[in-house]
Amino acid sequence: MSSSYFTDLAQQYIDGEWRPGTGSWDIIDFNPYDDEKLASITIATVDEVDEAYRAAARAQKEWAATNPYARRAVFEKALRLVEEREPEITEAIIAELGGTRLKAAFELHLAKEFLREAVHLALRPEGRIIPSPADGKENRVYRVPVGVVGVISPFNFPFLLSLKSVAPALALGNGVVLKPHQNTPVVGGTLVARIFEEAGLPGGLLNVVVTDIAEIGDAFIEHPVPKVISFTGSDKVGRHVATVCAAHFKRSVLELGGNSALVVLDDADVDYAVDAAVFSRYVHQGQVCMAANRVLVDRAVADEFTEKFVAKVRGLKAGDPRDPETVIGPVINSQQADAVSGVVEQALAEGATALLRGGRTDNLVEPSVLTGLPADSALLRQEVFGPVAFLVPFDGEEEAVRIVNDTPYGLSGAVHTGDVERGVRFAQRIDTGMFHVNDGTVHDEPIVPFGGEKHSGIGRLNGDAMLDAFTTLKWISVQHGRSRFPF
């Protein structure tokens, strides 16, 4: 892809203007596969974060008063633009985050679905009239925008996960300031701004600041303007975001990490379960919060499953993400590659057996399959953001439930069984926000509540949950008669 594509978008977008940041250093945007420099972006300062929030606050009042049918037209146009530019957005996803063509298609499909839902979301808020015990009183409850929303998006699905908060927040009448991840400043940030700008969104409503906490500290979340911070990322950073938000009386919506399990019961369709498990573990190199970190298999089918699973993983092509045949591309950066390699080495040091051990070339980490990890290993309780699968045998459902729940996370999961209702009963016993019967662990749909329990987050997104996330309730009472006061 032409480097000019990234260079054109390598700016800050504040108050409807494209301009360079004024920080003292640049974020360098690299292709994680071949280390090509895509662009450099001078970072935004605390002052520019302030300007972005002030611009959003100014623009939001008129936007909130705009007829929601008129607001809806912006999202219809944005959807058309994404559809028209799908080939170039695909190339941008491949270049900036090392996503394969399969992964780019998956991300863009979901992004379009969420934009379609944003079109309808603009018309979703409804008020209520509630009875009063006081004679002559009418209680009106209005659902109104919170005002301004701060969005912090991650590197793994940056286009989708920026849009997933930005579009609903705007559709519901809010202003937005978006801070994309430093590794994906264009796909997760300025590309989103360009699309909405061309779709006719009034200037100032959406601002994008490309910056780093080394420059701005907590200014993005401490700023007095935003009433809600929507953060997607690790539980470690999420804990800090929640703490700062609470100290400043802000609402936080946190979509955090996971340690999902895909469970294969003794009556499962083994071939189908293998397909679901391989996709659930290795999609986008395992850099997915919902990925199946652990694959639990009943001993009754463990030998058959393991043989077929390892054979299928061995056949996954790793390499250049531009190649349509590639399934495993690079992880996002060298630190992540080091971390994934370190997980494999630690597991082997703890006594695990490598059924398949992938090599590493720079940021390209080939798939590994490990088994025999000690039951008390910390690796079985943490998120592994890379192409490493842990196979864990179990004896019967009770043990499976205990192992699945033995983690501080609770985001997603799946169970495979020949009896659907057995699967539902199993799912009901798992402490998690989402669970799937006879399917993979990686799912997101625009009108189904998405979110986790325990360390996997606070709050929900999608559908009606967007109303809870990005609007608030206001009670206005009208006394049609006369109240009687005690003094």
Side-chain angles (χ1 to χ4, degrees), residues 93 97-114 153-164 188 232-235 255-264 268 272-297 309 312-313 316 321 326-329 331-332 336 340 367 369 382-391 404 407 409-416 423 426-427 430 432-453 456-457 460-463:
I93 289 172
L97 55 140
T100 62
R101 294 194 179 277
L102 177 70
K103 187 268 184 188
F106 184 56
E107 180 166 5
L108 279 166
H109 167 73
L110 283 173
K112 291 182 291 185
E113 288 298 316
F114 277 91
S153 64
F155 67 78
N156 58 342
F157 280 75
F159 189 64
L160 168 65
L161 295 178
S162 291
L163 277 175
K164 188 173 175 178
T232 305
S234 72
D235 59 308
E255 299 293 343
L256 309 179
N259 181 20
S260 302
L262 186 144
V263 182
V264 183
Y272 177 57
V274 166
D275 289 346
V278 172
F279 175 81
S280 298
R281 174 61 272 186
Y282 295 104
V283 62
H284 193 40
Q285 296 75 266
Q287 298 174 120
V288 184
C289 57
M290 296 171 281
N293 281 5
R294 302 167 293 157
V295 180
L296 277 57
V297 189
F309 182 88
K312 187 174 180 72
V313 175
L316 300 179
T326 297
V327 177
I328 304 293
V331 295
I332 192 65
Q336 195 66 30
V340 174
V369 181
Q382 71 186 50
E383 182 174 52
V384 178
F385 230 54
V388 181
F390 297 128
L391 299 188
V404 174
T407 172
Y409 298 97
L411 185 59
S412 186
V415 61
H416 280 251
F426 186 94
I430 306 304
T432 186
M434 305 175 288
F435 209 82
H436 308 285
V437 177
N438 289 341
D439 211 336
T441 62
V442 181
H443 294 283
D444 197 358
E445 297 181 11
I447 62 172
V448 181
F450 181 101
E453 298 295 325
S456 288
R460 296 290 185 269
L461 293 176
N462 303 0

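Worth saying up front: this structure is predicted, and the values here are computed from it rather than measured.
Inter-residue side-chain proximity for Leu161 and Phe155 is flagged as unmet; no heavy-atom pair is nearer than 4.5 Å. Inter-residue side-chain proximity for Leu110 and Leu163 is flagged as unmet; no heavy-atom pair is nearer than 4.5 Å.
A cation-pi arrangement, defined by a distance under 6.0 Å to the six-membered ring centre and an angle within 45 degrees of its axis, is absent between Lys312 and Phe279. The cationic group of Lys164 lies under 6.0 Å from the six-membered ring centre of Phe450 and within 45° of the ring axis, placing it in a cation-pi geometry.
Atom-to-atom distance recorded for Leu316:CG and Gln285:CD is 10.5 Å, nearest 0.5 angstrom. The CE atom of Met434 lies 4.0 Å from the CG atom of Leu411; values are rounded to the nearest 0.5 Å. Here OG of Ser153 is found 11.5 Å from CZ of Phe159. Values are rounded to the nearest 0.5 Å. Atoms CD1 and CD, from Ile430 and Glu453 in turn, are 13.0 Å apart once rounded to the nearest 0.5 Å. In this structure, CZ in Phe157 is found 9.5 Å from CG in Asp444, a value given to the nearest 0.5 Å. Interatomic distance, Glu383 CD to Ser260 OG, rounded to the nearest 0.5 Å: 8.5 Å.
Remark: the backbone N or O of Pro387 is not paired with any side-chain donor or acceptor of Arg281 at under 3.5 angstrom. A side-chain donor-acceptor contact under 3.5 Å links Asn462 to the backbone of Val448. Within the 3.5 Å criterion, the main-chain N or O of Val415 finds no donor-acceptor partner in the side chain of His436. A donor-acceptor pair is defined here as one N or O able to donate and one able to accept, closer than 3.5 Å; such a pair exists between the side chain of Ser456 and the backbone of Gly257. For Gln336 (side chain) and Phe385 (main-chain N/O), a donor-acceptor pair under 3.5 Å exists by modelled atom type. Distance alone, capped at 3.5 Å, is enough to place a donor-acceptor pair between the Ser280 side chain and the Thr441 backbone. Side-chain N or O atoms of Glu107 include one that pairs as donor or acceptor with a backbone N or O of Leu160 at under 3.5 Å.
The shortest heavy-atom contact between Gly286 and Ala291 is O-CB, 4.1 Å. What you find for Ala261 and Leu296 is that their closest heavy atoms are CB-CD1, 4.1 Å. In plain terms, the two heavy atoms of Ser412 and Thr432 that are nearest each other are N-OG1, 3.4 Å. Summarising the geometry of His416 relative to Asp439, their closest heavy-atom pair is NE2-O, 2.9 Å, with the distance given to 0.1 Å. The nearest pair of heavy atoms linking Ser162 to Gly188 is OG-O, 2.6 Å.
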- What do the steps show when you test Tyr409 against Leu256 for side-chain contact (heavy atoms from CB on, under 4.5 Å), and what is the final call? CA-CA 9 Å; Tyr409 298 97; Leu256 309 179; over 6 Å; no
- Test side-chain contact (heavy atoms from CB on, under 4.5 Å) on Asn293 and Thr407 and set out the steps. CA-CA 11 Å; Asn293 281 5; Thr407 172; over 6 Å; no
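Taking the six-membered ring where tryptophan is involved, the planes of Phe435 and Phe426 are tilted, since the angle between them lies from 30° to 60°.
His284 pairs with exactly one of Val442, Ile332, Leu97, Thr100 by the side-chain contact (heavy atoms from CB on, under 4.5 Å) rule, that one being Leu97.
A 6.0 Å sphere centred on CD1 of Ile447 holds no more than 12 heavy atoms belonging to other residues, nucleotides or ligands.
Residues passing the side-chain contact (heavy atoms from CB on, under 4.5 Å) test with Val369 are Tyr282, Phe309, Val310, Val313, Leu355, Leu356, Leu391, sequence neighbours excluded.
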